[in-house]
Amino acid sequence: MKRLFSVFLLCLLLFSGCAGKVETADIAATTLPVYEFTQAICQGTDLTVGRLITESVSCLHDYSLNVNQVRQVESAELIVLSGAGLEEFIEDILTGKPSVDASQGIALLEGEEHEEGHNHEAGHHHEHDPHIWLSPANARIMAANICQGLTVQSPQWEPAFSANLETLLTKLDALERSGQDALSQLSCRELITFHDGFAYFAQAFDLDILAAVEEESGSEASAKELIGLITLTREHQLPAIFVEQNGSTSAADILCRETGAKEYVLDMAMAGDSYFEAMYRNIDTVKEALG
């Protein structure tokens with residue numbers, strides 16, 4: 001019996017080790033944009049900021065938190081959400097937990113509905129498009145909302161929060177001006193994207209998305225859809241189509257072969273290491289593709 005008990009204890013220790021050490025922080029932010037904005041606003045304070053989602057993901061409609069992420073949420077004093085329905089996966093564990101919805105006050109675009117059996121096994125629908133951070137103007141509102149929420153939670157740091165917010169807003173202003181200048185004289189302003197998350201980016205820089213195809217590996221666009229996209233590309237003489245980083249490219253590859261359009265990659269700026277780098281890269285990509 002003693003030997004069996006010893007083996008049982010050893011298994012428990014090994015299991016605990018495999019679970020990994022949980023990195024706790026005062027504030028838990030869900031995705032890269034709100035994490036980066038929150039971290040910037042907290043500079044010079046003793047507050048720590050953690051990021052829940054670090055994987056390379058493009059959509060969160062099927063996302064679920066692992067055990068360590070749940071512990072991060074439970075241990076944090078404040079949760080910062082991007083909002084607009086993006087983080088439905090976290091709603092059940094937010095009861096009674098102070099949180100900041102960074103989407104407050106943003107004019108939301110309508111979401112897209114994806115039917116069961118087409119792009120996703122169970123189908124999904126967002127009432128509003130949650131990819132708000134791809135517009136620098138929206139990002140400014142998000143930053144101000146985060147600053148306000150931090151001030152309510154930790155009023156002793158208000159001077160630092162306010163000063164850091166101004167610095168962040170200046171960077172976002174520069175991003176917006178850079179994009180507007182770079183994309184003002186494009187020879188083509190129309191896009192077909194293989195992700196439906198770039199509407200705010202298009203709105204910010206006066207671009208027109210003709211079609212947005214939500215596609216995942218194993219549930220590619222149908223032959224009928226491909227024929228329609230080929231026709232659309234030819235009618236508008238599009239020089240390029242755009243796929244999302246880490247997304248499926250099978251239908252886009254066919255579209256390019258059939259029409260001669262070139263394939264370019266856009267970044268949702270949801271994961272990775274830098275929101276600003278992703279946004280500047282997107283601007284450069286669109287200029288190269290459509291200039």
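- With contacts defined as side-chain heavy-atom distances shorter than 4.5 Å, the pair His236/Leu210 qualifies.
- For residues 173-184, every residue pair satisfying the salt bridge (charged side-chain N to carboxylate O under 4.0 Å, His left out) rule, not counting sequence neighbours, is listed here: Arg140-Asp173, Arg140-Glu176.
- Atom CG of Leu81 sits about 7.5 Å away from atom CD1 of Ile79, to the nearest 0.5 Å.
- Between Tyr275 and Tyr35, the ring centre distance reaches or exceeds 6.0 Å.
- Put simply, CD on Gln153 and CD on Glu77 are 6.5 Å apart, with the number rounded to the nearest 0.5 Å.
- Closest approach of Ala211 and Leu229 over heavy atoms only: CB-CD2, 3.9 Å.
- With respect to the salt-bridge test (charged N to carboxylate O, under 4.0 angstrom), the residues Arg281 and Asp267 qualify.
- When atom types are taken as modelled, the side chain of Glu87 and the backbone of Gly83 share a donor-acceptor pair closer than 3.5 angstrom.
- Remark: aromatic rings of Tyr280 and Phe276 are distant, center separation not under 6.0 Å.
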Please output the side-chain donor-acceptor pairs of residues 40-51 that fall under 3.5 Å, not counting sequence neighbours, one pair per line with the distance.
{"unit_1": "Gln43", "atom_1": "NE2", "unit_2": "Gln39", "atom_2": "O", "d": "3.3"}
{"unit_1": "Thr45", "atom_1": "OG1", "unit_2": "Cys42", "atom_2": "O", "d": "2.7"}
{"unit_1": "Thr45", "atom_1": "OG1", "unit_2": "Leu47", "atom_2": "N", "d": "3.2"}
{"unit_1": "Asp46", "atom_1": "OD1", "unit_2": "Trp157", "atom_2": "NE1", "d": "3.3"}
{"unit_1": "Thr48", "atom_1": "OG1", "unit_2": "Asp26", "atom_2": "N", "d": "2.9"}
{"unit_1": "Thr48", "atom_1": "OG1", "unit_2": "Asp26", "atom_2": "OD2", "d": "3.2"}
{"unit_1": "Arg51", "atom_1": "NE", "unit_2": "Ile53", "atom_2": "O", "d": "2.9"}
{"unit_1": "Arg51", "atom_1": "NH1", "unit_2": "Gly272", "atom_2": "O", "d": "3.0"}
{"unit_1": "Arg51", "atom_1": "NH2", "unit_2": "Gly272", "atom_2": "O", "d": "3.1"}

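- Distance alone, capped at 3.5 Å, is enough to place a donor-acceptor pair between the Glu225 side chain and the Ser222 backbone.
- Without hydrogens or angle criteria, Thr259 side chain to Leu255 main chain gives a donor-acceptor distance under 3.5 Å.
- In this structure, Val34 is a member of the same hydrophobic cluster as Ile93, with clusters built from ILVMFWY side-chain heavy atoms closer than 4.5 Å.
- With sequence neighbours left out, Glu190 forms a salt bridge (charged side-chain N to carboxylate O under 4.0 Å, His left out) with no residue at all.
- Remark: Phe198 CZ to Gln203 CD distance equals 15.0 Å, nearest 0.5 Å.
- With sequence neighbours excluded, no residue forms a side-chain hydrogen bond (donor to acceptor under 3.5 Å, both in side chains) with Asp92.
- Taking all atoms of both residues into account, the shortest heavy-atom contact from Ala271 to Glu55 is CB-O, 3.1 Å.
- Under the 3.5 Å distance criterion, the side-chain polar atoms of Tyr200 are matched with a main-chain donor or acceptor of Leu109.
- Here the closest heavy-atom approach between residue Leu290 and residue Ala240 is recorded as CD2-CB, 4.3 Å.
- Side-chain atoms of Trp133 do not come within 3.5 Å of backbone N or O of Met142 as any donor-acceptor pair.
- Partners of Glu158 according to the side-chain hydrogen bond (donor to acceptor under 3.5 Å, both in side chains) rule, which considers only residues two or more places apart in sequence or in another chain, are Ser162.
- Taking all atoms of both residues into account, the shortest heavy-atom contact from Ala182 to Ile283 is CB-CG2, 3.8 Å.
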Could you pull out all donor-acceptor pairs under 3.5 Å where a side-chain atom in residues 94-103 meets a protein atom, sequence neighbours excluded?
{"unit_1": "Lys97", "atom_1": "NZ", "unit_2": "Val73", "atom_2": "O", "d": "3.3"}
{"unit_1": "Lys97", "atom_1": "NZ", "unit_2": "Glu74", "atom_2": "O", "d": "2.9"}
{"unit_1": "Lys97", "atom_1": "NZ", "unit_2": "Ala76", "atom_2": "O", "d": "2.7"}
{"unit_1": "Asp101", "atom_1": "OD1", "unit_2": "Ser103", "atom_2": "N", "d": "2.9"}
{"unit_1": "Asp101", "atom_1": "OD1", "unit_2": "Ser103", "atom_2": "OG", "d": "2.6"}
{"unit_1": "Asp101", "atom_1": "OD2", "unit_2": "Gln104", "atom_2": "NE2", "d": "3.2"}
{"unit_1": "Ser103", "atom_1": "OG", "unit_2": "Ala84", "atom_2": "N", "d": "3.1"}

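- Within 6.0 Å of CD on Gln156 lie more than 12 heavy atoms contributed by other residues, nucleotides or ligands.
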